[in-house]
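To keep things clear, I will list the structure first and then write my remarks on it.
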There are 2 protein chains.
Amino acid sequence: MSVNKNSKLVLERFLPYRLSYLTNIISRKLARLYSDQFDITTHEWKILATLNRHPNISAANAGEKTAMDKVAVSRAIKGLCDKGLVHKIFSKEDRRRSVLNMTEEGEAIYSRIEPLVTEYENSLLAILNSQELSQLDHLLDKMTAHVTSD
Amino acid sequence: MSVNKNSKLVLERFLPYRLSYLTNIISRKLARLYSDQFDITTHEWKILATLNRHPNISAANAGEKTAMDKVAVSRAIKGLCDKGLVHKIFSKEDRRRSVLNMTEEGEAIYSRIEPLVTEYENSLLAILNSQELSQLDHLLDKMTAHVTSD
DNA sequence: TTATTATAGTTACAAATGAAACTTTTTTCA
DNA sequence: TGAAAAAAGTTTCATTTGTAACTATAATAA
């Protein structure tokens, strides 16, 4: 066990630092998959992936599902609409509420990006055996539940 | 096992997303520990922690040790110097090379922040048993080594 | 020696992000 | 009712961040 418990601070072994180091590398590589070829930002990609699973949701709903704040959601949707990848109308019942869907072009681009992204995830998971996979899953859930509980 | 292997993309189970979600929450909470009371940024804090372990290093060295790029390092050092927490001279042997040290005030502030930061890490680690701790350690090292190898 | 290349660090500009204020519409409740 | 509060989105402005260009010094090599 060489996590940094109860010792003087050593940055390289400090859990928050190690997590953010790993996460930043992964996020950057992932972002290249859609930013290089498709001119899509990370926020935009998260909205697309959310619309793929949940058509007809509102911006606020998309924000909840992605843990993005409403300004980031608004900007991502604007970007996607400008590019013609998402279609936005406002609900008849509640005219504050947006109703979002991918356009055909959005679907087309989504279906080209998704395999790249999934493949990248698989390449990460492939280095772990099934025991390690379930450990990772458990640890992420446990830590996330903990830091989220307040 | 409920990581997202070989399946259609489900954002909430997608490893890079889960990692960045957890990491962002932790980083934000951590940053409050020094930004609220001490008006120190995350970059500045990383430089202070590095100088605590490695006095007399240069900006470039600090950059290597923290995986920060040189512009971020330069700005953090400027901020720290402006606040009187770090002292910078240029080496006699190589006048491009900076020689950095905390001032007394820097040491004083560092020694007040470090316990807060360490305590926060311990509160995270405290929810894990010793087996989970070693699993976490192993997984972070393994994944980091993998994504770093190229 | 001196011309080229490399290194350390800074500066400048553009893009991304975050917080607060704002508009419009709906809900609440006195 | 209708006044106040809340909700959905957008806009604005200030800060942060990232990339590229720049200055100064040192190392390399023709």
Side-chain angles (χ1 to χ4, degrees), chain A residues 20-21 23-25 27-32 34-36 39-47 50-51 54 56-83 86-101, chain B residues 20-21 23-25 27-32 34-36 39-47 50-51 54 56-83 86-101:
Chain A
S20 86
Y21 183 70
T23 299
N24 288 342
I25 294 176
S27 296
R28 216 175 303 134
K29 291 194 180 188
L30 189 66
R32 286 225 196 94
Y34 36 81
S35 65
D36 279 0
D39 186 37
I40 298 277
T41 69
T42 295
H43 285 333
E44 289 168 355
W45 165 247
K46 281 166 83 170
I47 297 296
T50 304
L51 290 181
H54 308 284
N56 293 308
I57 63 172
S58 68
N61 285 159
E64 286 163 24
K65 292 189 188 306
T66 55
M68 292 163 67
D69 78 274
K70 63 180 182 173
V71 177
V73 171
S74 174
R75 292 201 260 239
I77 290 170
K78 182 172 191 317
L80 291 166
C81 287
D82 289 352
K83 290 169 199 152
V86 161
H87 177 243
K88 175 177 73 176
I89 58 176
F90 284 91
S91 163
K92 288 271 161 61
E93 295 87 51
D94 182 343
R95 290 163 56 210
R96 295 171 304 184
R97 201 169 186 72
S98 59
V99 179
L100 305 168
N101 279 290
Chain B
S20 87
Y21 183 71
T23 300
N24 288 342
I25 293 176
S27 297
R28 216 174 303 133
K29 291 194 181 189
L30 189 67
R32 287 224 196 94
Y34 36 80
S35 65
D36 278 359
D39 187 35
I40 300 275
T41 70
T42 295
H43 285 333
E44 289 168 356
W45 165 248
K46 281 165 84 170
I47 296 296
T50 304
L51 290 181
H54 308 284
N56 293 309
I57 63 173
S58 68
N61 285 161
E64 286 163 24
K65 292 188 188 304
T66 55
M68 291 163 67
D69 78 274
K70 63 179 181 172
V71 176
V73 171
S74 174
R75 292 201 260 237
I77 290 169
K78 183 174 192 313
L80 291 165
C81 288
D82 289 351
K83 290 169 198 153
V86 161
H87 177 244
K88 175 177 75 178
I89 58 176
F90 285 91
S91 165
K92 288 268 161 65
E93 295 87 54
D94 181 344
R95 289 165 54 212
R96 296 170 303 183
R97 200 169 187 72
S98 58
V99 178
L100 303 169
N101 278 291

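The chains referred to below are lettered A, B, ... by the order of the sequence lines, with proteins before strands, and numbering in each begins at 1.
- Among the atoms of the strands shown, only primed sugar atoms or phosphate atoms (P, OP1, OP2) are found under 4.0 Å from some heavy atom of S58(B).
- Using a 4.0 Å cut-off, some side-chain N or O of R97(B) falls inside it from OP1 or OP2 of dA8(C).
- Judged by distance alone, the side chain of S91(B) and the main-chain N or O of R97(B) form no donor-acceptor pair under 3.5 Å.
- dA15(C) atom P lies 17 Å from atom NE2 of H43(A), rounded to whole Å.
- For the pair R32(B) CZ and dA19(C) C1', the interatomic distance rounds to 13 Å; values are reported in whole Å.
- Note: NZ (K78(B)) to C1' (dT10(C)) measures 10 Å, nearest angstrom.
- Here the C1' atom of nucleotide dT24(C) and the CZ atom of F90(A) are 10 Å apart, to the nearest Å.
- Side chain of S74(B) to main chain of K70(B): no donor-acceptor pair is present (N/O by atom type, distance under 3.5 Å, no hydrogens or angles).
- Put simply, the side chain of K83(B) gets close to the backbone of D39(B): a donor and an acceptor are under 3.5 Å apart.
- When the side-chain nitrogen and oxygen atoms of R96(B) are compared with OP1 and OP2 of dA26(D), none of them lie within a distance under 4.0 Å.
- Atom CG of D94(B) is separated from atom P of dA8(C) by 8 Å (rounded to the nearest Å).
- At least one side-chain heavy atom of E64(A) sits under 4.5 Å from a side-chain heavy atom of N61(A).
- Separating the CD atom of E44(B) from the P atom of dT15(D) is a distance of 15 Å, rounded to the nearest angstrom.
- Shown here is Y34(B), whose OH atom has more than 12 heavy atoms of other residues, nucleotides or ligands within 6.0 Å.
- Both S91(A) and A59(B) lie close to DNA chain C; mapped to their nearest nucleotides by heavy-atom distance, the more 5′-ward contact belongs to A59(B).
- The stretch residues 61-75 of chain B comes close to DNA chain C through K70(B), V71(B), S74(B), R75(B), each having a heavy atom under 4.0 Å from the strand.
- We find the OG1-CG distance between T23(B) and N24(A) to be 8.0 Å, quoted to the nearest 0.5 Å.
- A donor-acceptor pair is defined here as one N or O able to donate and one able to accept, closer than 3.5 Å; no such pair exists between the side chain of K65(A) and the backbone of H54(A).
- Rounded to whole Å, the distance from CG on N24(B) to P on dT16(D) is 17 Å.
- As rounded to whole Å, 15 Å separates atom C1' of dA8(C) from atom CD1 of I89(B).
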